[in-house]
Amino acid sequence: MSHNLLKGKRGIIFGALDERSIAWKVAQVAHAEGASFTLTNAPIALRMGTINKLAEECNAEIIPADATSVEDLENLFTKSMEVLGGKIDFVLHSIGMSPNVRKGKDYGDLNYDWLMKTLDVSAISFHKVMQTAEKLDAMNEWGSIMALSYIAAQRTFPDYSDMAHAKAMLESIARSYGERFARLKKVRVNTISQSPTMTTAGTGVGGFDVFYDYADKMSPLGNASAEDCAKYCVMYFSDFTRMVTMQNLMHDGGFSTSGITDRLIEDLKKDN
Ligand code: NAI
């Protein structure tokens, strides 16, 4: 059911790789809520993914951009404003990748070149997106910029490895750029800290199934789905959240404030 929450708004959505991607669901909900937007991903992901299907469904143009390349980002913002017919109201940064995690490198044996890549792709790219938007004066006043984070920014989850550092930096960038963009342009910047979700990036983390099951049982409402994340995100692109900025917003079924839950106690009793 649509509420026309984003009627007349223009956006850029990064990170839709396939139907499981959180960005894919955000695009579907944003479209249903009346937004027009461009879709973007790294050129290699565009070749591997099925984004054309989503673009057709949402009547959206695809503009390739490696989010670590300022040149690509300049082209993306300039073309998006041309295609959409004006400045941008919302941006979703839904990007994460760690070569150390992907290649199974132990945390005590990190490849530091890969660590730099993790930080550049998963965190610094967020700064690059916002700095480019500011320099091109591409954002409308009261615009909204969102990135996706994970609670490993605050608590240790060993298999998350160097992605934990990327998420801590991502949330820090949201606060610092949020202060700047609010002052300059009344643009808000936030992160959503999402439950474990069965996507390509998610399932790439070692022991993901156990992790997913544990989080589900530790969350009174259960793990939040990608669909629910998309709805929450779209609310933050809407005018109903104009005064929320520089926040890390927990979207986790209650995980982050639970000590223990009945479902976990039942499991532990079975083991004893
Ligand atoms: P996904 O694998 O569908 O999306 C990750 C996206 O990042 C892909 O579309 C990929 O092509 C893109 N990407 C990688 N390198 C890029 C680059 N250089 N330039 C542009 N795009 C690039 O997985 P998912 O889960 O939808 O991930 C989206 C975001 O949600 C990520 O930030 C992830 O860390 C975050 N997140 C995911 C959780 C999960 O359990 N799946 C939990 C909490 C947060």
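When a ligand or atom number is given, it counts from 1 through the structure's own listing order. Along the sequence shown, residues are numbered consecutively beginning with 1. FYI, side chains are in, hydrogens and waters are out, and symmetry mates aren't considered; it's all heavy atoms of this structure.
Residues Lys217 and Asp213 are paired through a salt bridge, judged by an N-O separation under 4.0 Å between the basic side chain and the carboxylate.
Every residue two or more places apart in sequence or in another chain that forms a salt bridge (charged side-chain N to carboxylate O under 4.0 Å, His left out) with Glu179 is listed here: Arg183.
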Can you give the donor-acceptor pairs under 3.5 Å from side chains of residues 78-90 to other protein atoms, not counting sequence neighbours?
unit_1: Thr78; atom_1: OG1; unit_2: Glu74; atom_2: O; d: 2.7
unit_1: Lys79; atom_1: NZ; unit_2: Asn75; atom_2: OD1; d: 3.3
unit_1: Ser80; atom_1: OG; unit_2: Thr38; atom_2: OG1; d: 2.9
unit_1: Ser80; atom_1: OG; unit_2: Leu76; atom_2: O; d: 2.7
unit_1: Lys87; atom_1: NZ; unit_2: Asp137; atom_2: OD2; d: 3.1
unit_1: Asp89; atom_1: OD1; unit_2: Asn140; atom_2: ND2; d: 3.1
unit_1: Asp89; atom_1: OD2; unit_2: Arg10; atom_2: N; d: 2.8

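Among pairs with a residue in residues 29-78, none fulfils ring pair (Phe, Tyr, Trp, His ring centres under 6.0 Å), at least two apart in sequence or across chains.
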Extract all N/O-N/O pairs under 3.5 Å that connect ligand 1 to the protein, and present each with both atom names and the distance rounded to 0.1 Å.
unit_1: ligand 1; atom_1: 2 (O); unit_2: Ala201; atom_2: N; d: 3.0
unit_1: ligand 1; atom_1: 3 (O); unit_2: Ser21; atom_2: OG; d: 2.6
unit_1: ligand 1; atom_1: 9 (O); unit_2: Gly15; atom_2: O; d: 2.9
unit_1: ligand 1; atom_1: 9 (O); unit_2: Asn41; atom_2: ND2; d: 2.8
unit_1: ligand 1; atom_1: 11 (O); unit_2: Asn41; atom_2: OD1; d: 2.7
unit_1: ligand 1; atom_1: 11 (O); unit_2: Asn41; atom_2: ND2; d: 3.4
unit_1: ligand 1; atom_1: 18 (N); unit_2: Asp66; atom_2: OD1; d: 3.0
unit_1: ligand 1; atom_1: 19 (N); unit_2: Ala67; atom_2: N; d: 2.9
unit_1: ligand 1; atom_1: 21 (N); unit_2: Asn41; atom_2: OD1; d: 3.3
unit_1: ligand 1; atom_1: 23 (O); unit_2: Thr199; atom_2: OG1; d: 3.2
unit_1: ligand 1; atom_1: 25 (O); unit_2: Thr199; atom_2: OG1; d: 2.5
unit_1: ligand 1; atom_1: 26 (O); unit_2: Ile22; atom_2: N; d: 2.9
unit_1: ligand 1; atom_1: 32 (O); unit_2: Ile95; atom_2: O; d: 3.0
unit_1: ligand 1; atom_1: 32 (O); unit_2: Lys167; atom_2: NZ; d: 2.9
unit_1: ligand 1; atom_1: 34 (O); unit_2: Lys167; atom_2: NZ; d: 2.8
unit_1: ligand 1; atom_1: 40 (O); unit_2: Thr197; atom_2: N; d: 2.7
unit_1: ligand 1; atom_1: 40 (O); unit_2: Thr197; atom_2: O; d: 3.3
unit_1: ligand 1; atom_1: 41 (N); unit_2: Thr197; atom_2: O; d: 3.0
unit_1: ligand 1; atom_1: 41 (N); unit_2: Thr199; atom_2: OG1; d: 3.0

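Residue Trp142 comes nearest to Arg242 through the heavy atom pair CZ3-O, 3.5 Å, listed as atom of the first residue, atom of the second, then distance.
Contact check for Phe14 versus Val91: side-chain heavy atoms found under the 4.5 Å cut-off.
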